[in-house]
Amino acid sequence: MWFCQERRKGTPISGPIIKEKAIALHKKLEAGSEFTASEGWIDRWKTRHGVRFVSITGEKLSADAEAAKKFAMKFREIVEQYELLPCQVYNIDETGLNYKMLPNKTLASSNDTVAGTKLIQDRLIIAPCSNADGTHKLPLFVIGKSKKPRAFKNINLSSLPVYYRNQKSAWMDCYLFKSWFIDEFVPSVETDLNQK
């Protein structure tokens, strides 16, 4: 009944959520026996009630494999030409952390129609950077919307263990990247390579 009520509200439900709810209901019943809501239990529960795991959104982007192959060859040539060691080769990549977004998959009964809701896009951009052998990891580069987030009301942002910057839409742009490169990356890499 709980599952059907939540699905009628449009709440995305996953296996771990079902397990936690089952354990909580078992405790409420004070059955006296031990119950762990194992993988086998969840599989049998889904089969018994005709529940399947479905995507709420189905778009998948594919990478350009040919361009990736060309880049890998060109990159290998540069490393060989300049005789770079793994400790001299760095990579930075960015990822979005949508900290308020609900799951995009849900468990649903066989006669349940699956409709999504508007996605909440509150996010941070996190960009980790490290050298190829993992001996030098720079502090995370974090980009948020707020210049002074409420969560850090009485905290000096420069004392955080991250390089925090803000941008109106919380996206990486050339100005933020250039600032990070000059203020954080170059001094940190120079110090690390001089020590080595």
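Position 1 is the first residue of the sequence; numbering continues from there. In what follows, every heavy atom counts, from backbone to side chain, and hydrogens, waters and symmetry copies are set aside.
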Using atom types as modelled, flag every donor-acceptor pair under 3.5 Å from a side chain in residues 80-90 to any protein atom, sequence neighbours excluded.
unit_1	atom_1	unit_2	atom_2	d
Gln88	OE1	Leu85	N	2.8
Tyr90	OH	His136	ND1	2.7

Do you know which two heavy atoms are closest between [X] and [Y], and how far apart they sit?
X: Ile182; Y: Val186; answer: O-CB, 4.2 Å
X: Pro139; Y: Pro161; answer: CB-O, 3.7 Å
X: Ala170; Y: Gly144; answer: CB-C, 3.9 Å
X: Arg165; Y: Ser179; answer: NE-OG, 4.2 Å

After noting the C-alpha distance and the side-chain angles of Phe181 and Ile92, does the key distance pass the side-chain contact (heavy atoms from CB on, under 4.5 Å) rule? CA-CA 10 Å; Phe181 186 79; Ile92 182 170; over 6 Å; no
Within 6.0 angstrom of [X] [atom1], more than 12 heavy atoms from elsewhere:
X: Arg76; atom1: CZ; result: no
X: Lys70; atom1: NZ; result: no
X: Lys196; atom1: NZ; result: yes

When hydrophobic residues are tied together by side-chain contacts of less than 4.5 Å, even through go-betweens, does [X] share a cluster with [Y]?
X: Leu193; Y: Val79; value: no
X: Val189; Y: Phe177; value: yes
X: Leu25; Y: Phe3; value: no

Check step by step if side-chain contact (heavy atoms from CB on, under 4.5 Å) holds for Glu184 and Cys129. CA-CA 11 Å; Glu184 185 72 22; Cys129 180; over 6 Å; no
Can you tell me how far [atom2] of [Y] sits from [atom1] of [X], rounded to the nearest 0.5 angstrom?
X: Ile42; Y: Arg44; atom1: CD1; atom2: CZ; answer: 10.5 Å
X: Phe35; Y: Ile23; atom1: CZ; atom2: CD1; answer: 6.5 Å
X: Arg123; Y: Asn98; atom1: CZ; atom2: CG; answer: 6.5 Å
X: Asn91; Y: Ser130; atom1: CG; atom2: OG; answer: 8.5 Å
X: Ser38; Y: Lys19; atom1: OG; atom2: NZ; answer: 7.0 Å
X: Met172; Y: Ile126; atom1: CE; atom2: CD1; answer: 11.0 Å

Strictly distance-based, threshold 3.5 Å: is any side-chain N or O of Asp192 a donor or acceptor partner for the main-chain N or O of Ser188?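 No, because the side chain of Asp192 does not come within donor-acceptor range (under 3.5 Å) of the backbone of Ser188.
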Counting only N and O atoms by type, is there a donor-acceptor contact under 3.5 Å from the side chain of Ser159 to the main-chain atoms of Asn156?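 The answer is yes, because a donor-acceptor pair under 3.5 Å joins these two groups.
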Do Tyr175 and Trp180 have ring centres separated by under 6.0 Å? no
Is NZ or CZ of Arg7 both nearer than 6.0 Å to the six-membered ring centre of Trp2 and within 45° of the ring axis?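 Because its charged atom misses either the 6.0 Å distance or the 45° angle limit, Arg7 does not stack over Trp2.
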Charged tip of Arg150 within 45° of Phe152 ring normal and under 6.0 Å: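 No cation-pi geometry.
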Salt bridge (charged side-chain N to carboxylate O under 4.0 Å, His left out) between Glu6 and Lys21, intermediate numbers included: CA-CA 12 Å; Glu6 291 302 309; Lys21 187 63 177 180; over 6 Å; no
Among Ile143, Leu176, Val142, find the one that has a side chain to side chain contact (heavy atoms under 4.5 Å, CB included) with Ile125. Ile143
Side chains of Thr36 and Glu34: donor-acceptor distance under 3.5 Å anywhere? no
Using a distance-only test with no angle check, is there a side-chain donor-acceptor pair under 3.5 angstrom linking Tyr164 and Ser146?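 No, no side-chain donor-acceptor pair sits under 3.5 Å.
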Parallel, tilted or perpendicular: rings of His49 and Trp45 (30°, 60°):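 Plane angle between 30° and 60°, so tilted.
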